[in-house]
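Okay, so here's the structure we're looking at.
All figures in this text were calculated on a predicted structure; none of them were measured in a lab. Counting convention: from 1, in listed order, for ligands and their atoms alike.
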Amino acid sequence: MKFPYGDKVLEHFKNPQNVGKIEDPDGKAIVGSPACGDMVAVYLKVDEKEHRITDIKFESYGCASNIATGSIITELAKGKTIEEAKQISWKDASEALGGLPKIKAHCSVLAVEGLREAINNYEEKHGLIKEKKPTTVDEVKRRLKNVMNPLTGLDVVRGNLITDVKVEEGTVSIWVDLPENHIFASNIQEEIKERIETLWDVKKVELHFNPSTA
Ligand code: FES
């Protein structure tokens, strides 16, 4: 069988660089692919004076292409300022890997998105967001698409667990179709809060679980 991957991709797949988790990261993101449901997590340590990435690690629950891209983008991003690292594209990753099969583009895009979201998380936590757009229901839902229900492996939006979202004067209210004592309710609550609370104009996140499903 002929592999669709070149030598460089296989090298990074078999021996990925910067794999793992950073405890107490300055920025982090977990993103999921709508195409296949796989996920990638990116963790950053950033020097606060220059906003330079001093350490970066990733964890991939995706395929070879995703692992190889995760490996190469962490190599490309290490030592760069966050502004420089934001410019790293799927094309840069693909070039550095000597080309990626087109059919696997979404897997590689996912790794790049993980890097960008982790930088965004750092910027939000440090008040560095320049374009301060008011938070909308759509933006909240976009972020919720990266919160997984570990029981089903589906994100909470596609798994139909979010029944309503309201954004009013700095308070984001989210209705979740799970009982409060569900085995993963506290995990899901924590993940939702982590993703929404960093938005610059959000003061409070209120979760409403569904008592009738208890
Ligand atoms: Fe899901 Fe590649 S098939 S990340």
Would you give the length of the straight line joining atom CD1 of Ile30 to atom CE of Met148, rounded to the nearest 0.5 angstrom?
9.5 Å

Is the ring pair Trp175/His208 parallel, tilted or perpendicular, if the boundaries are 30 and 60 degrees?
parallel

Let me know which of Glu117, Glu124, Glu197 forms a salt bridge (Lys or Arg N to Asp or Glu O under 4.0 Å) with Arg143.
Glu124

Number of protein N/O/S atoms less than 2.8 Å from atom 2 (Fe) of ligand 1?
2

When Ser60 is tested against each of Asp38, Thr69, Asn66 for side-chain hydrogen bond (donor to acceptor under 3.5 Å, both in side chains), which residue passes?
Asn66

Within a reach of under 6.0 Å around CD of Glu190, are more than 12 heavy atoms found that belong to other residues, nucleotides or ligands?
no

Check Glu194 with Lys28, please: is the shortest side-chain N to carboxylate O separation under 4.0 Å?
yes

